[in-house]
A.B. asks: 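Here it is: the structure, laid out below.
Labels below follow one simple rule: chain letters A, B, ... track the order of the sequence lines, proteins then strands, and each chain is numbered from 1. Please read all numbers here as calculations on a predicted model, not as lab measurements.
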Protein chains: 2
Amino acid sequence: MFRQAKQSRVYQDVVEQIQEAIVTGKLKTGDQLPAERDLKERFQVSRGTLREALRVLEQKGLIEIRTGVAGGSIVKGVGTEQVSASLGLLIRYKKVSLQNLAEFRIGLEGDIAALAARRADTEDLVKLKALLSAAGDHLANGPDHWDSFITTDEQIHLKIAETTRNPLFISVLESLSWNIHTYYESFLPKDEELMKENHQDMVQLIAAIEAHDSEEARRIAREHVRRFSAYMEKQKVK
Amino acid sequence: MFRQAKQSRVYQDVVEQIQEAIVTGKLKTGDQLPAERDLKERFQVSRGTLREALRVLEQKGLIEIRTGVAGGSIVKGVGTEQVSASLGLLIRYKKVSLQNLAEFRIGLEGDIAALAARRADTEDLVKLKALLSAAGDHLANGPDHWDSFITTDEQIHLKIAETTRNPLFISVLESLSWNIHTYYESFLPKDEELMKENHQDMVQLIAAIEAHDSEEARRIAREHVRRFSAYMEKQKVK
DNA sequence: GGTATCTAATGGTCCAACCATTACTATCAT
DNA sequence: ATGATAGTAATGGTTGGACCATTAGATACC
């Protein structure tokens, strides 16, 4: 019913004023805030208090702070990084298992593929095919290029997510990929046979997207993630 | 290829040490950190620097700070609040539309329903039916109880998510619901006919879950969210 | 014309003091 | 005894001032 009474913490007021200016567009991405010693005068607070406010804004991803002359706080706008970061923290804290991640990802990538198949335009397809061909090259160039292959493979997944034009799909997938990479890297497939299979999946998936066959795209994507995850699970047991 | 070189900002080091202790479980929810004047000695930093670190941790939702004797920093653990908050910022900044939310939710709830149908046990079904019956009562009691109906409806959705036993589904759905409620509350359906329809959807959905018919559950859930979202979109235009 | 050095502005850190809030305690009136 | 009241001390919140570290631009030098 009621919210907690407003805490009269000075720095919080400073945070709100600046945040509001950014969210409402009075401050635009790239704009530079006055120097700390100026701002402290304008807000009539001490420098320490002002700095606590800036720390909070930085943590929210709204500003970026650089040192040196001509340094200072520049406005970053609002991006998806914070969603990814907080989701990542949640994953680590809740000790979300590889299996949980995989299960979620199967559904997510399926939905993404289905939507992408409906919305892909020529430009999307050009970029996807370029990535696909790059991945194929890396695969053909032998074991030394397998890391590049895996990186490119991830880029393909991300590009497909971008094709949905929906920032939610993009940032959630980003966060998931990042977390899998960071915490389960050692289980990633380093097996040539499997990588070839993965590559074949991608070829088929992109073909389905090009044909705007959304249910087929969903099916392929789900099967792809499922196989990939099963392999990782097997690695883990070893 | 390379990540940005580690910035030698003292407060950042303090943040990482405390955050690591929390995430790895050395510090548990409810634990109290030493007083600022103690901590500053342990980390060998000034009080100002320490406070910047605490501000960041507070912003991340990892600790809560209370004033007064016996006050101090207490560990909060990691919840979905931060994910919700950063998502909320994106919504306000107009990077995520109601349509984006709806689209994402259709996929998510479909996957959740399908999984829930596979995993629901007797206990889950008992709870779901209890909620369902409560929702039916609220609906029958007239307009004064419509808010209760909506609340109960959300609880049903959440309970279904819990039935998946996967914290990712639960957290993401929670975060989504919270944001829809907060930023699009005025578009929520207040129409009796529609609410009855929603309730019917729930009856069917839970029946499908009980029958462990996962694809049918998915279909119903998707259709349900789709209709619900379409109504909200229409309200918005009005 | 290029290179090295200096300069000044800016963020980062530290210190010491005092204010504001609040759980606990001692006191006092009933 | 008991309940209200005032005092006390610990804790976070804020302030002002000083100095350090970093860096873009100006200057001097070769």
A.B. asks: At their closest point, which heavy atom of A:Thr29 faces which heavy atom of A:Gly77, and how far apart are they?
C.D. replies: OG1-CA, 3.7 Å
A.B. asks: By nearest heavy atom, map B:Gly72 and A:Gln44 onto DNA chain D; which one lands nearer the 5' end?
C.D. replies: B:Gly72
A.B. asks: To the side chain of A:Glu36, which of D:dG13, C:dG12, D:dT11 is closest?
C.D. replies: C:dG12
A.B. asks: C:dT10 C1' sits how many Å from A:Leu54 CG, rounded?
C.D. replies: 13 Å
A.B. asks: Grab the CD1-C1' distance between A:Ile74 and C:dG11 for me, whole Å please.
C.D. replies: 14 Å
A.B. asks: Tell me every residue that passes side chain to side chain contact (heavy atoms under 4.5 Å, CB included) with A:Thr163, counting only those two or more places apart in sequence or in another chain.
C.D. replies: A:Ala116, A:Ala120, A:Asp124, A:Lys159, A:Arg165
A.B. asks: What pairs of residues pass the ring-ring contact (aromatic ring centres under 6.0 Å, His included) test when at least one of them lies in residues 152-176 of chain A, not counting sequence neighbours?
C.D. replies: A:His157-A:His224, A:Phe169-B:Phe104
A.B. asks: On the nucleotide D:dG13, are OP1 or OP2 found under 4.0 Å from the side-chain N or O atoms that B:Arg51 carries?
C.D. replies: yes
A.B. asks: Measure from NZ on A:Lys40 to P on D:dT14 and round the result to the nearest Å.
C.D. replies: 15 Å
A.B. asks: Return the nearest nucleotide to the side chain of B:Ser46; candidates are C:dG12, C:dT10, C:dC15.
C.D. replies: C:dC15
A.B. asks: Base, sugar-phosphate alone, or nothing: which one does B:Gly48 contact when heavy atoms must sit under 4.0 Å apart?
C.D. replies: nothing
A.B. asks: Report the distance from atom CD of A:Gln12 to atom P of D:dG13, rounded to the nearest whole Å.
C.D. replies: 11 Å
A.B. asks: Just to verify, what does B:Arg42 make a salt bridge (Lys or Arg N to Asp or Glu O under 4.0 Å) with, not counting sequence neighbours?
C.D. replies: none
A.B. asks: Can you check the A:Glu41 CD to D:dG17 C1' distance for me, whole Å?
C.D. replies: 13 Å
A.B. asks: Once side-chain hydrogen bond (donor to acceptor under 3.5 Å, both in side chains) is applied, do any residues pair with B:Lys60, and if so which ones, sequence neighbours excluded?
C.D. replies: B:Gln19
A.B. asks: Base, backbone or nothing for each nucleotide of nucleotides 20-25 of chain D, written B, S, -, heavy atoms under 4.0 angstrom, 5' to 3'?
C.D. replies: --BBB-
A.B. asks: For a quick test of reading the model: is some side-chain N or O of A:Arg55 closer than 4.0 Å to OP1 or OP2 of C:dG12?
C.D. replies: yes
A.B. asks: Whole angstroms only, please: what is the CZ-P distance between B:Arg9 and C:dC14?
C.D. replies: 14 Å
A.B. asks: Taking OP1 and OP2 of D:dT15, is either one under 4.0 Å from a side-chain nitrogen or oxygen of A:Thr49?
C.D. replies: yes
A.B. asks: Select base, sugar-phosphate, or nothing to describe what B:Arg47 touches, counting heavy atoms under 4.0 Å on all strands.
C.D. replies: base
A.B. asks: Applying salt bridge (Lys or Arg N to Asp or Glu O under 4.0 Å), can you list everything that pairs with A:Arg119, at least two apart in sequence or on another chain?
C.D. replies: B:Glu103
A.B. asks: Could you check how far CD of B:Glu52 sits from P of C:dG11, rounded to whole Å?
C.D. replies: 12 Å
A.B. asks: Write down the distance between CZ (B:Arg66) and C1' (C:dT21), rounded to a whole number of angstrom.
C.D. replies: 13 Å
A.B. asks: Sort out for me which residue in B:Asn100, B:Thr182, B:Leu98, B:Val96 forms a side-chain contact (heavy atoms from CB on, under 4.5 Å) with B:Ile91.
C.D. replies: B:Val96
